[in-house]
Amino acid sequence: MVPQWRRRYLLDVWIERRVIDSLPAIVRGRLRDLSIAEEGYVGSFEEVQARIEADLDADGVTPRRWERGRHG
């Protein structure tokens, strides 16, 4: 039986321009878990996914599958 699970996340994303215009802009983010008032900085969507997956693991939500996963 899968435990009841719900967390609320807020993702802030912003662009940091470079001093040299020809260099690509840097995209940064902050992921906040509003359920437990915890936050951390992320540098990619893979890091966002890893954080949420770690929370699911820690809370015992296994087995699981994302509704619109790449493989399902």
Side-chain angles (χ1 to χ4, degrees):
M1 179 174 183
V2 177
Q4 183 175 352
W5 188 87
R6 180 180 182 145
R7 292 215 186 179
R8 294 180 53 199
Y9 296 93
L10 176 64
L11 176 63
D12 296 314
V13 177
W14 64 92
I15 301 295
E16 293 186 2
R17 302 253 178 240
R18 305 292 289 270
V19 175
I20 301 171
D21 288 337
S22 62
L23 294 175
I26 296 175
V27 180
R28 297 193 190 270
R30 177 176 52 211
L31 183 63
R32 299 179 192 181
D33 184 338
L34 302 175
S35 305
I36 59 174
E38 185 177 286
E39 67 180 49
Y41 291 91
V42 294
S44 68
F45 285 115
E46 289 80 12
E47 287 183 44
V48 172
Q49 180 180 358
R51 168 68 189 281
I52 293 172
E53 292 287 343
D55 290 344
L56 286 162
D57 288 342
D59 292 345
V61 182
T62 58
R64 63 177 179 264
R65 180 178 68 86
W66 285 87
E67 178 182 0
R68 294 188 187 114
R70 292 182 186 178
H71 305 288

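A quick note: this is a predicted structure, and the numbers were derived from the prediction, not measured.
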Item checked: Electrostatic pair R7-D55, nearest N-O below 4.0 angstrom -> yes

Item checked: Salt-bridge present (D12, R28; N to O < 4.0 Å) -> no

Notebook entry, point to check: Does Y41 sit in a hydrophobic cluster with other residues, and if so which ones, taking ILVMFWY side chains as linked at heavy-atom separations under 4.5 Å, directly or through other members?
Noted result: W14

Check: Who else is in the cluster with I20 when I, L, V, M, F, W and Y are joined by side-chain contacts under 4.5 Å?
Finding: L23

Check: Considering only heavy atoms from C-beta outward, does the side chain of R18 approach that of I26 to under 4.5 Å?
Finding: yes

Notebook entry, point to check: Should R51 and E46 count as side-chain neighbours, where that means a heavy-atom distance under 4.5 Å?
Noted result: no

Note to self: I need the L11 CG to R32 CZ distance, nearest 0.5 Å.
What the structure shows: 10.0 Å

Note to self: To the nearest 0.5 Å, what is the distance between CD1 on I52 and OH on Y9?
What the structure shows: 5.5 Å

Item checked: Same apolar cluster: V48 and I15, side chain cutoff 4.5 Å -> yes

Check: Are L34 and V13 joined in one hydrophobic group, where the rule is that I, L, V, M, F, W and Y side chains link up if heavy atoms are under 4.5 Å apart?
Finding: no

Next item on the list: Could you tell me whether a side-chain N or O of D33 sits under 3.5 Å from a main-chain N or O of S35, the two making a donor and an acceptor?
Entry: yes

Checklist line | Backbone of F45 reached by a side-chain donor or acceptor of Q49 within 3.5 Å | finding: no

Next item on the list: Apply side-chain hydrogen bond (donor to acceptor under 3.5 Å, both in side chains) to D57 and list each qualifying residue two or more places apart in sequence or on a separate chain.
Entry: R64

